[in-house]
Amino acid sequence: MNKVLTINGGQPLKGTVAVRGAKNLVPKAMVAALLGDSPSVLRNVPEIKDVDVVTGLLNIHGVTVDKDSVTGDLTLNPAAAKSASSKEIDAYAGDSRIPILFCGPLMHTIGEAFIPDLGGCRIGDRPIDYHLNVLREFGAVVDKAPNGITISARNGLHGAKLHLPFPSVGATEQVLLTAVKAHGVTELKNAAMEPEIMDLISVLQKMGAIINVRSERTLVIEGVTQLRGYDHTALPDRNEGASWASAALATGGDILVQGADQKDLSAFLNTYRKLGGEFDVVGDGIRFYHPGGELNPLVVETDVHPGFMTDWQQPLVVALTQAQGVSIVHETVYENRFGFTDALVRMGATIQLHRECLGSNPCRFGQRDFLHSAVITGRAPLHGADFVIPDLRGGFSHVIAALAAEGTSNASGIELINRGYEHFLDKLQGLGADVELRDAAL
Ligand code: EPZ
């Protein structure tokens, strides 16, 4: 039965939330366990759907995943790793993009991999050309299949000299998970350097990998023949932390985010302060609050790390609709990540999308038909409306807009938010949100 979340707005969100392991690291560390010749332990694991999807994928490949009923820690044992039928893997098609990262580990472990057509948030075309190109450079044979791709490496995998066209997080992870056991040395230029990438490098180093992080976005990986299991505590989810921070500002509230780490949120905190938000870094996290008075309009440009993350802009846009004046957001990472603004406009926001690059950051989308710049005019009082959750971060922004609005909203597709926000509804209610989940009328 589909569920609808009824939201009665006008209440500031106040209280404490705890964020645990990063959605954009934990599933990758789980896949890395495939490379070890002994069990791994992963700690600070959030209860989110992406973890369930990867657990299922690992299980059908013979990897056992045992969850501690108290701590939620995972013990992953790859001893019985085996190939899975494309039919079994297909059952997970459309749920997530993580399956593409099984390629390297499966080729090292069993010599082949089948990857279904990928899912993930609809925020652009989300091609995998960088992934397939680097796998071929390692010596893999990539064949397009009707419902996915088959990849094999009968003669093993060898190191390669690689240069990514764009510092892609996924493609960098693909290289790391393949190069660590390839014969010889791999050099990767223009690598992604996000904190989640650095945490994955820590995981692999614990397993016995040799990974040199050089300046100028260069990684040099010296392949080894054997890797062992790891014991690792995942870094906190900075994207969830930034989402709750924007929720505090948009609703005029005050939220302590336990687990938030200042150094991984540095660019966000600067923008938050310029917008007019206040934050206090405390012992176990960061307190985010609206100090009263007007919010300031801003020009924000998303970028790869250490810039302002693309995953932070959606909830922040809601706060920008409440700033007095004209703000601009130039999205330079994804070509189509403003679809969520339609619902905000229906709630009373004034947001116009443009295909021009409205900023100084170099961008791949200028002079093409992508509406990747947004002009937001505030302050716009918001009123309730009904909406369908489009993707993870856009969905979060819709919910906080409904909480900031006067009146009642009804959100369907709320389960999408559970992909990346742990215990989302409990957290909302714990912050005083007047929300109720009910069965959708037939
Ligand atoms: C990861 O996605 C994150 N997802 C995204 O978070 C995040 O927004 C993104 O990195 C950027 O930081 C996970 O880690 C599960 P990319 P990923 O490869 O790896 C283009 C969220 O809400 N590209 O860095 O898929 C691509 O189209 C999600 O938590 C190619 O052209 O992102 C995009 O324009 C959303 N070809 C750009 O690179 C490729 O083969 C960045 O993508 C791969 C990517």
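Atoms within a ligand are numbered from 1 in the order they appear, just like the ligands themselves. As the structure is a computational prediction, the values presented were derived from the model and not from experiment.
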Open item on the list: Using a plain distance cutoff, I'd like to know if Asn239 has any nitrogen or oxygen under 3.5 Å from a nitrogen or oxygen of ligand 1.
Closed with: no

Closest heavy-atom pair, Ile389 versus Leu416, reported as atoms and distance to 0.1 Å, is O-CD1, 3.7 Å

Result for side-chain contact (heavy atoms from CB on, under 4.5 Å) between Leu249 and one of Leu13, Leu275, Val318 points to Leu275

Lys23 heavy atoms within 4.0 Å reach ligand 1 at atoms 15 (C), 21 (C), 29 (O)

- Task: Specify whether Tyr421 and Phe424 have parallel, tilted or perpendicular ring planes, treating 30° as the upper limit for parallel and 60° as the lower limit for perpendicular.
- Result: tilted

Here the atoms of ligand 1 under 4.0 Å from any heavy atom belonging to Gly170 are 18 (O), 19 (O)

Honestly, for Arg364 the part within reach of ligand 1 (heavy atoms, under 4.0 Å) is side chain

Should Glu335 be counted as touching ligand 1, given the test is an N or O pair under 3.5 Å? no

**OP:** Might you work through the side-chain hydrogen bond (donor to acceptor under 3.5 Å, both in side chains) test for Thr16 and Gln258, ending with a clear yes or no?
**Re:** CA-CA 7 Å; Thr16 299; Gln258 288 175 328; 5.4 Å; no

Arg337 and Thr310: side-chain donor and acceptor closer than 3.5 Å?
yes

### Query
Do Gln313 and Thr302 get their side chains close enough for a donor-acceptor pair, meaning under 3.5 Å?
no

In ligand 1, the atoms that come under 4.0 Å of a heavy atom of Phe166 are 37 (C), 38 (O), 41 (C)

At under 4.0 Å between heavy atoms, what of Arg337 touches ligand 1? The answer is side chain

- Query: Can the ring centres of Trp244 and Phe396 be said to be less than 6.0 Å apart?
  - Reply: yes

In ligand 1, the atoms that come under 4.0 Å of a heavy atom of Pro127 are 27 (O), 30 (C), 31 (O), 36 (N), 39 (C), 40 (O), 43 (C)

Fill in: Polar atom proximity, Val169 to ligand 1 (N or O, under 3.5 Å)
yes

Checking heavy atoms under 4.0 Å, the part of Thr310 that sits near ligand 1 is side chain

Tightest non-hydrogen contact, residues Leu200 and Leu25, listed as N-CD2, 3.7 Å

So the atoms of ligand 1 within less than 4.0 Å of a heavy atom of Asp311 turn out to be 5 (C), 6 (O), 7 (C), 8 (O), 21 (C), 22 (O), 28 (C), 29 (O), 35 (C)

Under 4.0 Å from one or more heavy atoms of Met309, ligand 1 contributes atoms 12 (O)

So for His131 against ligand 1, with non-hydrogen atoms under 4.0 Å, the contacting part is both

Quick note on ligand 1: atoms under 4.0 Å from a heavy atom of Val333 include exactly 33 (C), 34 (O), 37 (C), 41 (C)

### Message
Please determine whether any non-hydrogen atom of His305 lies less than 4.0 Å from an atom of ligand 1.
### Response
no

- Task: Indicate whether any N or O donor in one side chain lies under 3.5 Å from an N or O acceptor in the other, for Asn410 and Thr6.
- Result: yes

Arg97 heavy atoms within 4.0 Å reach ligand 1 at atoms 25 (O)

| task | Before signing off on this row, confirm whether Glu194 and ligand 1 have an N or O atom pair separated by under 3.5 Å. | result | no

Count the heavy atoms of every other residue, nucleotide or ligand shown that sit under 6.0 Å from CD of Gln262, and state whether that count exceeds 12. no

d(Leu132 CG, Gln174 CD) to nearest 0.5 Å is 8.0 Å

